[in-house]
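Remember, it's a predicted structure, so these values are computed and weren't measured experimentally. Heads up: numbering here begins at 1 and tracks the sequence. Numbering of ligands and ligand atoms starts at 1, following listing order.
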Amino acid sequence: MTKNKNNQAIWSTRIKKNSSSLFQKVGNSIDIDRRLYKEDIQGSIAHVEMLFKQKIISFKIKNKIIYGLTKIEKEINNKKFEFNKKYEDIHMNIEKRLFQIIGEEAGYVHTARSRNDQVITDFKIWIRSSIKEISLNLDKVINSTLKLAEKNIDTIMPGFTHLKNAQAISFAHYLMAYVEMFSRDKKRFINNLDGLNENPLGVAALTGTSFNIDRNYTSKKLGFKKPTNNSIDTVSDRDFVLDFLYSISVCSMHISRIAEELIIWSSDGFKLINLSDKIVTGSSIMPQKKNPDLLEYLRGKSGSSYGNLFSMLTILKGLPLSYFKDLQDDKELVFKSYDTLINCLKIFDEILKNSNANKKNMLQLANSGYITATDLADYLVKNHSMSFRKAYQKTASVVNLAEKKKKKLNELSLEDLKKIEPKLTNDVLNVFDLKNSVNSKKSYGGTAFDNIKKMIMKYKKQK
Ligand code: ARG
């Protein structure tokens, strides 16, 4: 029988010396992968139930193991479990404790499996439930964005290109752009579930096993659709990890973009957004300051998400098949990215609930920068049978004239306009009205108030 004294490594019969203390310090992953304990126990229970069903272990041993594992889960839940770095990871820590609780029969739990398939099984189950948690938080963010949009359907502001005033939009339309992005983020995460629905358990170290196991049975027990097809692929690849890290990166990039915009718009130069005291911080020297630190936190955090994605890609580049220790870092990267994203989503939700549009300043800014110039060009095309390019040139001359006279477009008289296009009549002046401008963009997906109302309704119904 294998010696399994509790202070010794499982491989101590073969490897006579302890590994160097430095390696013991850095090579273990228990502080990180202990987060997988529930999934690990769930996987082991499914595994021994299958071993019993297949007559590989006895009823008594199966029950003993399940008893031990259940006790361990309770111990960990109640913080009564002592994690030991010497046993490297969560799998070995649990196995060691199982020996202490039920004795030598614990040795049957690892029949027909390896840590290589065990860890991926745990990890896939963990990512699956994390996707649910992320989706819930994304729903909250989408909901808060919709609420803010609903309050601002008729809030007119400049839409920017190159950060220069471009054309008038509704603030709600801008917010709804992010509802689209966050909804796609959610879909992207949910699409990942497809890559997670194949069960790794039972491929063992890399070859499969000579035991007559039933991988369909464990698949069902653990909520997978089917067993994976190739044992080598199963223990080697981490593309499901990349998919998850990429989805987190895209979502944090979206958060980073809106955070940057809110930082700019709440700055003293713009003053388009008011941030409540709940979401700003002060300065240690300048008593007047209210800084958007939380938004800056959100903007910055996409950096670490990208970093984690690139670390994983780099670990996998050129790595031969099948399992190597290099792969162990996957969990640290995923946990870090996940924790950060959850924090960011919660913070962002808080920010949405504590921000208001400064409607007056938005309108005032929209009144500068000849923002209705395109409306005039469109008007000329529609009413004076001009090509768009011709109308564009005429309008550019109107803008030049306004600039020369130091006037806004809506301050020009019909006489002024007629100098450039004599056929113009009084109704042309309506195109310089910002509300008319916004509401004229009725094409599907455009910024007209009615479009926005419909879109908000559509999203609210989806909930
Ligand atoms: N803690 C290890 C990891 O996460 C488990 C797999 C260990 N397998 C091995 N052959 N050393 O990668």
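Looking at atom 5 (C) of ligand 1, its nearest protein heavy atom turns out to be Asp89 OD2, 3.5 Å. Nearest protein heavy-atom neighbour of atom 4 (O) of ligand 1: Lys331 NZ, 2.6 Å. Atom 2 (C) of ligand 1 has as its closest protein heavy atom Gln328 OE1, 3.3 Å. What sits closest to atom 11 (N) of ligand 1 on the protein, heavy atoms only, is Arg115 NH2, 3.3 Å. Nearest to atom 8 (N) of ligand 1 among the protein's heavy atoms is Asn116 OD1, 2.8 Å. For atom 9 (C) of ligand 1, the nearest protein heavy atom (residue, atom name, distance) is Tyr323 CE2, 3.2 Å.
Within the structure, ligand 1 lacks Gln118 among the residues with a heavy atom less than 4.0 angstrom away.
Phe244 and Phe189 have perpendicular rings, their planes meeting at more than 60° on a 0 to 90° scale where under 30° would count as parallel. Below 30°, between 30° and 60°, or above 60°: for Phe335 and Phe123 the angle between ring planes is above 60°, a perpendicular geometry. Under the 30°/60° scheme for interplanar angles, the aromatic rings of Tyr174 and Phe171 are found to lie parallel.
Surrounding OH of Tyr246 are at most 12 heavy atoms belonging to other residues, nucleotides or ligands under 6.0 Å away.
Contacts with ligand 1 closer than 4.0 Å are made by no heavy atom of Lys325, backbone or side chain.
Within the listing of ligand 1, atoms 4 (O) sit less than 4.0 angstrom from a heavy atom of Val119.
Taking the ring centroids of Phe182 and Phe348, they lie under the 6.0 Å cut-off.
Partners of Lys325 under the salt bridge (Lys or Arg N to Asp or Glu O under 4.0 Å) rule, at least two apart in sequence or in another chain, are Glu88.
Figure legend: cation-pi geometry between Arg128 and Phe240 absent, as NZ or CZ is not positioned both under 6.0 Å from the six-membered ring centre and within 45° of its axis.
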